[in-house]
Amino acid sequence: MIQYIENLAPELIQLRRTLHQYPELGFQEFQTAKLIEERLERLGVEDIRRVAGTGVTGIVRGSCEGKTLLLRADIDALPLTETTGADYASRNAGTAHACGHDVHTAILLGVADTLLRYRAQFRGNVKLVFQPAEEALGGALPMIEQGVMEAPAPDAAAAYHVWDLPVGTVGIRAGGVTASPDHFRITLTGKGGHGAAPETCVNPIEIGARVATRLNNLKLDTPSVVSICSFLGGTGENIIPETCLLKGTARALDGDTRRRLYEVITATAEEVAASLGGTAVVDYRFLYPPCINDSGMVERFVSAANAVIGQENVIYQKKPDMTGDDFAYFAERVPSCYVKLGGAKTPLHAPNFDVDEACIKTGVAVMCRFALDFLA
Ligand SMILES: [Zn+2]
Ligand SMILES: [Zn+2]
């Protein structure tokens, strides 16, 4: 199987470069979805379907009835201008695959190809899920609402994200692996007036400054992060405004902490505003849940990875990171593992983001081994 993947790798790199040249934003992945469908059809994948607009699913059946493993790749790009200067750089102005979803897509197409070839070696099904709109909008939930977790219902799920770890390695951990990336806006209202007479006013800028300081320094006893990322208010040098607006993000790795952040942020804003004679209105948006890796699945994945790339290349990550991923919706429903794939040359979302394409081969080989073992 390793030799088959070796031989397939140049074609997968070519596929990745084509995807990279024509990146598309969430729920607009029309060309991308078409490319995926055509490729799956050519391979002979069964039951190819469009789900949630630009999502694509398909089934690779093994030798006989058995369990179903869902493998997910996200397919969307980001609204930013690529600066890599690569000859396969984005040709869609203002849009770039700066989060490696082109790589995830190429890997899953390679996994489909390889598993079809080796279908005699496993039972049951591999359900391929090419998911739109991971960035911000969230394509996982609409896909689930439209039946991705049925007929056949998956018993487990797995996904990769490329990461700035050395190429040839994977990073993994049990438990919380991505955070709930919730958003909030706090509108603070005071009493406007002349900058020369602050004693006659309630200055919302002062309230905002205190709220921002308190929230940026908020420490709970479980992992969490709060960042105020936008502070908007006022017009002139000598006018105390009526209102100002703070925008921020609050992240946690478990549901309890997530709820506590909501409570503390709301209470802090209201208390600080009231203490200075103003008011606070908090508009809180719960986005993706935290993604929790199942320890049994992690164990299985680690043993597959050990067999393919060697124990020394399987990095057990002590600390989770606080980014979000809507793969979490799959992980809420079935035992799952979300794995970091080494190979990113820069931080994610950087305008010069690129990967060492050798990670594609590693990704395909480890995922295929894992699927064969899980469906043995
Ligand atoms: Zn991203
Ligand atoms: Zn991403």
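Counting convention: from 1, in listed order, for ligands and their atoms alike.
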Q: Less than 2.8 Å from the Zn ion (ligand 2) is the window; count the protein N, O or S atoms in it.
A: 3
Q) Is the H20 ring parallel, tilted or perpendicular to the Y88 ring (thresholds 30°, 60°)? A) perpendicular
Q: If the plane angle is over 60° it's perpendicular, under 30° parallel, otherwise tilted; pick one for Y338 and H161.
A: tilted
Q: Enumerate the residue pairs fulfilling salt bridge (Lys or Arg N to Asp or Glu O under 4.0 Å) with a member in residues 172-191, sequence neighbours excluded, ordered by first and then second residue.
A: D182-R258
Donor-acceptor list for residues 308-316 side chains, cut-off 3.5 Å, not counting sequence neighbours:
from: N313; atom 1: ND2; to: I309; atom 2: O; distance (Å): 2.8
from: Y316; atom 1: OH; to: A174; atom 2: N; distance (Å): 3.0

Q) Hey, is R49 close enough to D47 for a salt bridge, meaning N to O under 4.0 Å? A) yes
**Q.** Pairs meeting criterion side-chain hydrogen bond (donor to acceptor under 3.5 Å, both in side chains) with involvement of residues 223-250, two or more places apart
**A.** T249-R251
